[in-house]
Amino acid sequence: MDLIHIRDLRVLTVIGALPHEQEQAQPIRVDLDLHVDLTEAGISDELDDTVNYGLVADEIAAMAADNKFVLLERLADEIARNTLRFDRVEAVDVTVTKLRPPVPTALESTAVTLHRRRSDVDIPMLRPHEAIIALGSNLGDREGFLRLAVDSLDRVVAQSQVFETAPVGGPEQGAYLNMVVKIETALDPFALLRRCQRIEANAARQRVVHWGPRTLDLDVLFYDDVTISSPELLVPHPRIFERRFVLTPLEEVAPERCPDGWRDTLPPDEVTPRGQLRR
Ligand SMILES: Nc1ncnc2c1ncn2[C@@H]1O[C@H](COP(=O)(O)OP(=O)(O)OP(=O)(O)O)[C@@H](O)[C@H]1O
Ligand SMILES: Nc1nc2c(c(=O)[nH]1)N=C(CO)CN2
């Protein structure tokens, strides 16, 4: 089988069996050989006929940043699984190297290498989850921040148009742009929340005033049909059904999630369609 090599990918993750290693992320080197049939790409010169190694690298870096591990073996296995989510990857060799192993004996580095074939990975791990996310922005380049979010989220499979909405609650502030996207993701709900928070941070979001103006706000509305009630994460999001600025775009991507007759029962907040997000 042909190979695509990714060499010396540096990721930051929390990993290690010693207590202090669980307190701070450390750099890990990742080397990958992706086993892919490159016959078509060699002729067509089209990215669609191969595996985009940039996306693979992004996926691995994000997964590593969003999770914690004890063993290099576990990290390597998770990287292999994430890589095999790319349809064309038939098998993968992955080496993860700890660059600063905290052992008393002098040594340069420690590493683990795994080989995984598509058939080794159990199917449930490969089946994506459906999550629905609400996006809002009322500061700065509002449409640009929505675009940043849509482009940063894992596999968007449906997106509503953009709505201009009057602010609901909080201090006096400018109008919002709101929209809703449906994604397929391999992240668990908590990792998805952390991913959303990282995207908000990339949009220079600062939490200052409760319900105050923000460059970008991402709320996890639904995750499959799961209910979660933890201090950091409530799913379904508890305020969906009182918000026209959520239900109006939600109805475009997942009408089955909207209660019957909601348009007649909610107070008439201003929600104006502005068309599809411009690229
Ligand atoms: N489903 C969820 N999606 C996003 N954040 C959530 C969810 N459930 C709980 N949270 C928690 O809410 C906290 C506050 O989030 P944030 O400041 O964005 O609230 P908000 O967007 O101003 O208000 P609202 O939740 O009413 O939209 C986050 O730190 C997060 O841990
Ligand atoms: N129109 C509108 N109002 C809001 C919004 C929002 O996204 N759109 N978000 C809030 C807190 O998340 C509070 N108020």
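Count residues from 1 along the sequence. Order of appearance sets the numbers: ligands from 1, and atoms from 1 within every ligand.
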query = Under the 3.5 angstrom rule, does the side chain of Gln26 hit a backbone N or O of Ile15 as a donor-acceptor pair?
reply = yes
key: Nitrogen or oxygen of Arg239 less than 3.5 angstrom from that of ligand 1   = yes
request  = Please check if the side chain of Arg244 supplies one atom and the backbone of Pro267 the other of a donor-acceptor pair under 3.5 Å.
outcome  = yes
key: Which of the ligand 2 atoms, numbered from 1, are nearer than 4.0 Å to a heavy atom of Asp217   = 12 (O)
key: Where Ile133 and Leu135 come nearest, the two heavy atoms and their spacing   = O-CD1, 3.6 Å
task = May I ask you to establish whether Arg257 and Phe222 are in a cation-pi arrangement, using a distance under 6.0 Å from NZ or CZ to the six-membered ring centre and at most 45° from the ring axis?
result = yes
key: Distance filter under 4.0 Å to Arg214 heavy atoms, resulting ligand 2 atoms   = 11 (C), 12 (O)
task = Determine, using the 4.5 Å side-chain heavy-atom cutoff (strictly less than), whether Val168 and Phe241 are members of one ILVMFWY cluster.
result = yes
task = Taking only heavy atoms of Val220 into account, list the atoms of ligand 1 that are under 4.0 Å away from them.
result = 1 (N), 2 (C), 3 (N), 4 (C)
task = Could you list which atoms of ligand 1 come closer than 4.0 Å to a heavy atom of Arg214?
result = 20 (P), 21 (O), 22 (O)
Shortest reach to atom 31 (O) of ligand 1 by a heavy atom, considering only Glu242, Glu232, His237, Arg243 = Glu232
Heavy-atom nearest neighbour in the protein, as seen from atom 13 (C) of ligand 2, with distance rounded to 0.1 Å = Val168 O, 3.3 Å
query = Going by heavy atoms, is Gly169 under 4.0 Å from ligand 2?
reply = no
request  = Return yes if some donor-acceptor pair links the side-chain N/O of Asn67 with the main-chain N/O of Met63 below 3.5 Å, else return no.
outcome  = yes
message = Counting non-hydrogen protein atoms only, what is the nearest one to atom 10 (C) of ligand 2? Give residue, atom name and distance.
response = Tyr176 OH, 4.1 Å
Distance-minimising heavy-atom pair for Asp66 and Arg198 = OD1-NH2, 3.1 Å
ask   = Just heavy atoms, cut-off under 4.0 Å: does Ala166 contact ligand 2 by side chain, backbone, both, or neither?
value = backbone
Region of Asn178 that comes within reach of ligand 2 [heavy atoms, distance under 4.0 Å] = side chain
request  = Give a yes or no answer on whether the side chain of Asn178 reaches the backbone of Val246 with a donor-acceptor pair at less than 3.5 Å.
outcome  = no
inquiry  = Heavy atom to atom 21 (O) of ligand 1, shortest distance: which of Val235, Ile228, Asp217, Leu221 holds it?
reply    = Asp217
note = Under 4.0 Å from one or more heavy atoms of Leu234, ligand 1 contributes atoms 1 (N), 2 (C), 7 (C), 8 (N), 9 (C)
query = Out of curiosity, Leu233 CG to Tyr223 OH, how far, rounded to the nearest 0.5 Å?
reply = 10.5 Å
request  = Using a strict cut-off of 4.0 Å, indicate which atoms of ligand 1 neighbour a heavy atom of Gln197.
outcome  = 28 (C), 29 (O), 30 (C), 31 (O)
ask   = Considering only the protein, which heavy-atom contact is closest to atom 5 (C) of ligand 2, and what is its distance?
value = Phe245 CZ, 3.4 Å
key: Of the listed options Leu177, Val271, Thr165, Asp269, closest to atom 1 (N) of ligand 2 (non-hydrogen atoms)   = Thr165
query = What heavy-atom pair brings Ala111 and Thr97 nearest, and what distance separates the two atoms?
reply = CB-OG1, 3.6 Å
